[in-house]
Peer 1: 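This is the structure I want to talk about, given as C-alpha cells.
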Amino acid sequence: MGDNKIREIRQIRENPRFRRYPKYKESGVEWIGEIPRHWEVKRLKHVAEILPSNVDKHIYPDEIQVRLCNYTDVYYNDYITVDTVLERGSCKEREFTKFILRKGNVIITKDSETPDDIGVPTFVKDDLDNVVCGYHLTMIRPYACLGEFIFRFIQSDRTRRYFEVNSNGITRYGLGKSSIENLLLPIPSDSEQAQIADFLDRKTKQIDALIRIKERWIELLQEQRTALINQVVTKGLDPSVEMKPSGVEWIGEIPKDWILTRLKYISNIPVTYGLNIESDKYTTEGIRLIRITDIGEGGNLEQKGVYLSEDCVPQEQMLNSYDLLLSRSGATVGKSYLHLEAGKYASAGYLVRFNFDDYWTSKFIYYVTLSHFYRNWLEQQIITSTIQNVNGEKYSNFQLPIPSYREHKQIVSFLDHKTKQIAELISTEQRKIELLKKYRQSLISEAVTGKIDVRNVG
C-alpha cells in the first residue's frame, strides 16, 4: 500500500492540470529562476516584520510569567498549536507585547552549531495568549503576505541554501537580521498564496503519513531483530534442548549444558578505560580515535572522525582485533562496538574495552550486548547508581550465559545471516524515507516558486 502511494505522489509533477503556468518571466534572482509572469518579487522586510528574540529560559519573579516557544520546539515541529507542550519562562512587559505568538506568525532558528540548522521554520497555527518567542529564534510577523506561504517558502531548498550562504561564524553560526530581512521571495496574489499553502498542507500530510508508516515498520524490524538475538543468545538454536534455571532474573532459563560466567573471566585483558584527551590534540591524520559519537546505528563505525599523533597514544591504548568497546556514561550508556578494522586505532575516555580470542567469541559477546537481557541488566545498574553510569568494574561483573565453542560458532553464523537480512530490509525502508523527504522538499520548492501550477488541484 505504501509503495503504491509513493507512485501516486510521484505522478503529481506529471499531472497536466498543473504542470506549468502559461507564461513565465525572469525573476531577476539567480537562485529563484523563472517565475509566473503575474508574480512579483519582494524582500521579506517589505511584507513582514522581522523580530529577533533574546528572551532567555530564566524565570524571574518580578517579570510576566509565560510559556516559551524555544529552539527545539521550532526545530522539531512544523506547527506550533495550543497542544504544543512548552516550557515555563518569564519576560519583561515590552518583550511580552513584542514576542507574543499570534496565528499566522512564522518563527525560524537564527543561530546554531551548524549552518544546516539555521533558518528552520515553524508556523504558528493558533493565537497563543501566554506564549512568547524564545532565545536563538527570530519571529516573522507578516502584514502583506500570508504566513503559510512565507513558511513554505522558507522550507524550500532555495531558501535553505540562501540562509547557509548568508550565515556567519566559526564554532557557532548565526543568521543576522539583515540577511533575513533581505530574503527575496516570489509572491502571487493572496488567493493564489492560499491555494498553494492548502495544496502543500494536504500533500505534505500525505507524505508525512507515509514516512511515519515506514518509520514504524523500521521500529518493528528492529524489535524483531532484538527479540531474535535475545532468544538465541539465551536459549540457543535447538528449541527441544533441556533447560535449567540460570539463577539470574533477567536471563531466565538457559540450556542445561551452558555455563553462567562473568565478562572478566572470558576477556583476555582486564577492563581498560580509553584515553582522556583534550580536543585541541585532535589531528586530521595519524591514529584514529574512536569516540562514542563515532559509533552509528547497528554498531557501525562512522567514516568521518578525528585522529591523534602517535606520541599521544601509549602502546597499551592501541586497539586490537576483537576488542569490544562499551559506553560507560550518559544517554548512550551500554552502546557497543566490536572492533574488526585494520589499521591504527585508539578509544576515547567514555568507552571501556575488553578483548576476546577470535571472531566467533567476540561476535557472540557483541550479540549479547544487543539483547533484551543486557538492557535489563543495564537498567538495574543505573537504578542502583542513580545516574546513567556503568563503570568498568560493573561491566567486568556482568553475568552472561555461554555455550560450547562449537555452539556459539553456530549461533554467530545464524545471527550474522538473519541480522543481515533484517538490516537489508531496514536499509531499503530508510532509502524510501529519504526519497520521500527529498520529494517533499522538491514539491515545496517547485510550488512556492511557481515551477508547477497547483491552482484548483485536489
Side-chain angles (χ1 to χ4, degrees), residues 43-155 159-160 163-164 166-183 330-331 386-388:
R43 297 188 186 277
L44 186 57
K45 64 183 178 182
H46 295 145
V47 296
E49 189 178 7
I50 314 302
L51 302 168
S53 173
N54 289 314
V55 179
D56 62 33
K57 292 184 179 182
H58 294 96
I59 299 176
Y60 301 101
D62 58 336
E63 294 184 344
I64 300 172
Q65 303 304 296
V66 296
R67 287 188 300 153
L68 290 179
C69 177
N70 286 313
Y71 184 96
T72 53
D73 303 313
V74 172
Y75 190 85
Y76 290 108
N77 296 288
D78 272 359
Y79 303 110
I80 302 296
T81 71
V82 292
D83 298 321
T84 306
V85 178
L86 302 169
E87 291 183 15
R88 291 178 61 246
S90 68
C91 67
K92 296 178 174 63
E93 185 174 353
R94 65 177 181 274
E95 293 173 329
F96 181 82
T97 304
K98 186 176 183 180
F99 294 113
I100 189 169
L101 268 59
R102 288 287 175 245
K103 181 179 180 180
N105 292 166
V106 179
I107 303 173
I108 66 172
T109 58
K110 67 181 174 73
D111 55 78
S112 182
E113 293 179 356
T114 65
D116 290 346
D117 295 336
I118 291 174
V120 176
T122 192
F123 179 70
V124 181
K125 278 207 162 187
D126 304 301
D127 285 335
L128 301 174
D129 292 335
N130 198 42
V131 180
V132 299
C133 177
Y135 195 58
H136 300 306
L137 301 171
T138 292
M139 175 182 284
I140 299 170
R141 186 163 282 160
Y143 56 80
C145 186
L146 293 184
E148 295 98 320
F149 185 82
I150 293 174
F151 164 64
R152 292 300 183 185
F153 184 73
I154 291 175
Q155 276 191 326
T159 307
R160 305 295 307 126
F163 283 154
E164 286 177 24
N166 284 276
S167 63
N168 53 72
I170 300 175
T171 58
R172 188 170 183 88
Y173 297 84
L175 193 60
K177 182 180 179 182
S178 176
S179 295
I180 302 170
E181 286 180 332
N182 288 297
L183 171 68
T386 70
I387 58 173
Q388 286 186 286

Peer 1: Can you establish whether the number of heavy atoms outside Tyr143 located under 6.0 Å from its atom OH is more than 12?
Peer 2: yes
Peer 1: Report the distance from atom CG of Asp73 to atom CG of Leu86, rounding to the nearest 0.5 Å.
Peer 2: 5.0 Å
Peer 1: For Asp56 and His58, indicate whether the former's side chain and the latter's backbone hold a donor-acceptor pair under 3.5 Å.
Peer 2: yes
Peer 1: Under a 3.5 Å distance rule, please check whether Ser167 uses its side chain to pair with a backbone N or O of Leu175 as donor and acceptor.
Peer 2: no
Peer 1: Between Tyr71 and His136, how do the two ring planes meet: parallel, tilted or perpendicular, split at 30° and 60°?
Peer 2: perpendicular
Peer 1: Rounded to the nearest 0.5 Å, what separates atom CE in Met139 from atom CD in Glu49?
Peer 2: 9.5 Å
Peer 1: Look only at the side chain of Thr122 and the backbone of Tyr75, and say whether a donor-acceptor pair between them is shorter than 3.5 Å.
Peer 2: no
Peer 1: Can you tell me how far apart OH (Tyr173) and CG (Asp111) are? Round to the nearest 0.5 Å.
Peer 2: 13.0 Å
Peer 1: When rounded to the nearest 0.5 angstrom, what distance separates OG1 in Thr84 from CG in Leu128?
Peer 2: 7.5 Å
Peer 1: Show the nearest heavy-atom pair for residues Ile180 and Thr138, with the distance to one decimal.
Peer 2: CD1-OG1, 3.8 Å
Peer 1: To the nearest 0.5 Å, how far apart are NZ in Lys92 and OH in Tyr60?
Peer 2: 7.5 Å
Peer 1: Are any non-hydrogen side-chain atoms of Tyr135 and Lys57 less than 4.5 angstrom apart?
Peer 2: no
Peer 1: Under 3.5 Å, is there a donor-acceptor pair between the side chain of Asp127 and the main chain of Lys103?
Peer 2: yes
Peer 1: Quick check: are there more than 12 heavy atoms from other residues, nucleotides or ligands sitting under 6.0 Å from CZ of Phe96?
Peer 2: yes
Peer 1: For atom CD of Gln65, is the number of surrounding heavy atoms from other residues, nucleotides or ligands below 6.0 Å larger than 12?
Peer 2: yes
Peer 1: Between Asp129 and Arg102, what is the shortest heavy-atom contact and its length?
Peer 2: OD1-NH1, 3.0 Å
Peer 1: When you measure from the side chain of Arg141 to the backbone N and O of Lys98, does any donor-acceptor pair fall under 3.5 Å?
Peer 2: yes
Peer 1: Determine, for Asp117 against Arg160, whether the closest basic-nitrogen to carboxylate-oxygen distance falls under 4.0 angstrom.
Peer 2: no
Peer 1: After noting the C-alpha distance and the side-chain angles of Glu164 and Ile118, does the key distance pass the side chain to side chain contact (heavy atoms under 4.5 Å, CB included) rule?
Peer 2: CA-CA 7 Å; Glu164 286 177 24; Ile118 291 174; over 6 Å; no
Peer 1: Given Pro121, which partner from the list Asp78, Ile107, Ile108, Val74 fulfils the side-chain contact (heavy atoms from CB on, under 4.5 Å) test?
Peer 2: Ile108
Peer 1: As a quick check of understanding, evaluate side chain to side chain contact (heavy atoms under 4.5 Å, CB included) for Phe163 and Ile154, giving each step before the final call.
Peer 2: CA-CA 9 Å; Phe163 283 154; Ile154 291 175; 3.9 Å; yes
Peer 1: Looking only at atom types and distance, does a side-chain atom of Thr109 sit under 3.5 Å from a main-chain N or O of Gly119, one as donor and one as acceptor?
Peer 2: yes
Peer 1: Could you report the tightest heavy-atom contact between Ser112 and Arg172, atom names first, then the distance?
Peer 2: O-CG, 3.2 Å
Peer 1: Does any N or O in the side chain of Asp126 come within less than 3.5 Å of the main-chain N or O of Val82, such that one atom is a donor and the other an acceptor?
Peer 2: yes
Peer 1: Closest approach of Ala48 and Pro142, non-hydrogen atoms and distance?
Peer 2: CB-CA, 3.6 Å
Peer 1: Report the C-alpha distance between Leu68 and Val132 in whole Å, list the side-chain angles of each, state the deciding distance to 0.1 Å, and finish with yes or no for side chain to side chain contact (heavy atoms under 4.5 Å, CB included).
Peer 2: CA-CA 5 Å; Leu68 290 179; Val132 299; 3.3 Å; yes
Peer 1: First locate atom NZ of Lys125, then atom OG1 of Thr81, and finally report the distance between them rounded to the nearest 0.5 Å.
Peer 2: 8.5 Å
